[in-house]
Amino acid sequence: VNGGTSLLKDKLTVNFGAILDPYQIDGTGRRIDKFNKDLFRITSANLSANYSISSEDFVKNSTKTPGFDNTTGNQFGANFNEDSNNAETKTNKKKKAELYRASVPWNLNLIYAINYSNNGLIKGIGSNTLMFNGNIELSPKWSVRFSSGYDFENKGFSYTRLGFTRDLDSWNFNFDWSPFGLNKSYYFRIGVKSSLLQDLKWDKRSLPDRLLF
């Protein structure tokens, strides 16, 4: 049995599934030719929920950019007139000045997953984790990405990774870092963007048998 649905304007996606067995299990864990008293035994079940959110969700639908005058293409909402002798520019009128508001695009994905198993002898929750990943564009040429999670069963963080990217026009800079855990490591790379010159690069990675830095 499986199914799924979308909620909150398709921002939240929920999926579930289960396997049902009508037969009983003997003391050795083998299925026998007898029906369960409760009709079905849930041998396994899973539930997952995915929620996505981004900076665009907080931007109001408007054709006019805040702090920008669409009629003249000038920032700060000022309607400049090149003719200084124009009588209209000499009138003493109050104008509302809006500050230019720069945006920092970002997105975040939250994934929750839990599963249950029952082989007739042992039953319980196998995994119960909350994972998240996303990225932030600090500037048009700087971006930061991240991914991690928390395991509620083992009470600890899962594989965590941070990434930094810098656009150097014809070159590209990348730095990936796993700060803790058994797989902690780092990887640095700077190279040419062009696929024809992809071998023109310099990279360095940490060795698995050494401490970070």
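- Applying the salt bridge (charged side-chain N to carboxylate O under 4.0 Å, His left out) test to residues at least two apart or on different chains, the pairs with a partner in residues 24-35 are Asp21-Arg31, Asp26-Arg30.
- Met131 CE to Asp151 CG: the interatomic distance, rounded to the nearest 0.5 Å, is 9.5 Å.
- Hydrophobic cluster membership is shared by Leu168 and Trp142, with clusters built from Ile, Leu, Val, Met, Phe, Trp and Tyr side chains linked at under 4.5 angstrom.
- Heavy-atom minimum distance, Ser55 versus Pro105: OG-CA, 3.4 Å.
- In the hydrophobic cluster analysis, where Ile, Leu, Val, Met, Phe, Trp and Tyr join through side-chain heavy atoms closer than 4.5 angstrom, Phe173 is grouped together with Leu138.
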* So Asn119 and Ile25, side-chain contact (heavy atoms from CB on, under 4.5 Å) or not? Walk me through it. -> CA-CA 8 Å; Asn119 60 7; Ile25 298 294; over 6 Å; no
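- Separating the CD1 atom in Ile190 from the CG atom in Asp203 is a distance of 11.0 Å, to the nearest 0.5 Å.
- Checking side-chain atoms of Ser206 against main-chain N and O of Tyr186 turns up a donor-acceptor pair under 3.5 Å.
- Here the closest non-hydrogen pair linking Phe157 and Ser148 is CD2-OG, 3.9 Å.
- To the nearest 0.5 Å, the span separating CZ on Phe132 from CG on Leu108 amounts to 8.5 Å.
- Between the side chain of Asn128 and the backbone N or O of Ile114 there is no donor-acceptor pair closer than 3.5 Å.
- A donor atom on one side chain and an acceptor atom on the other are found under 3.5 Å apart for Asn109 and Ser52.
- With sequence neighbours excluded, no residue satisfies side chain to side chain contact (heavy atoms under 4.5 Å, CB included) with Ser158.
- For Asp38, the CG atom is loosely surrounded, since the number of other residues' heavy atoms within 6.0 Å does not exceed 12.
- Among pairs with a residue in residues 160-179, those fulfilling salt bridge (charged side-chain N to carboxylate O under 4.0 Å, His left out) read Lys141-Asp169, Arg145-Asp176, Arg161-Asp176, Asp167-Lys193, at least two apart in sequence or across chains.
- Put simply, Leu200 and Leu196 are part of two different groups of oily side chains (I, L, V, M, F, W, Y) that touch within less than 4.5 Å, one to the next.
- Nearest heavy-atom pair, Phe146 versus Asn135, reported as atom, atom and distance to 0.1 Å: CE2-N, 3.9 Å.
- Membership of the apolar cluster around Leu121 extends to Ile122, as traced through chained side-chain contacts below 4.5 Å between ILVMFWY residues.
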* To do: Please test Asn2 against Asn15 for side-chain contact (heavy atoms from CB on, under 4.5 Å), starting from the C-alpha separation and ending with a verdict.
  => CA-CA 8 Å; Asn2 59 74; Asn15 294 286; over 6 Å; no
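- The aromatic rings of Phe188 and Phe175 sit tilted relative to each other, their planes meeting at an angle between 30° and 60°.
- Taking Leu8 as the reference, Lys11, Leu12, Tyr51 meet the side chain to side chain contact (heavy atoms under 4.5 Å, CB included) condition, with sequence neighbours excluded.
- Under a hydrophobic clustering in which Ile, Leu, Val, Met, Phe, Trp and Tyr are joined whenever their side-chain heavy atoms come within less than 4.5 Å, directly or via other members, Val14 and Tyr116 fall into different clusters.
- More than 12 heavy-atom neighbours from other residues, nucleotides or ligands sit within 6.0 angstrom of CD1 on Ile53.
- Side-chain contact of Asn115 with Ser127: a donor-acceptor pair under 3.5 Å is present, judged by distance alone.
- Separating the CG atom in Asn107 from the CG atom in Asn133 is a distance of 8.0 Å, to the nearest 0.5 Å.
- Interatomic distance, CD of Gln24 versus NZ of Lys37, reported as 7.0 Å (0.5 Å rounding).
- Note: Ile136 CD1 to Phe164 CZ = 10.0 Å, rounded to the nearest 0.5 Å.
- Each ring-ring contact (aromatic ring centres under 6.0 Å, His included) pair with one or both residues in residues 18-39, not counting sequence neighbours, appears once here: Tyr23-Phe35.
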* Asked: Is there a side-chain contact (heavy atoms from CB on, under 4.5 Å) between Thr5 and Phe16 once you walk through the steps?
  -> CA-CA 9 Å; Thr5 186; Phe16 62 90; over 6 Å; no
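- Note on Leu20: it does not cluster hydrophobically with Leu47, by side-chain heavy-atom contacts below 4.5 Å among ILVMFWY residues.
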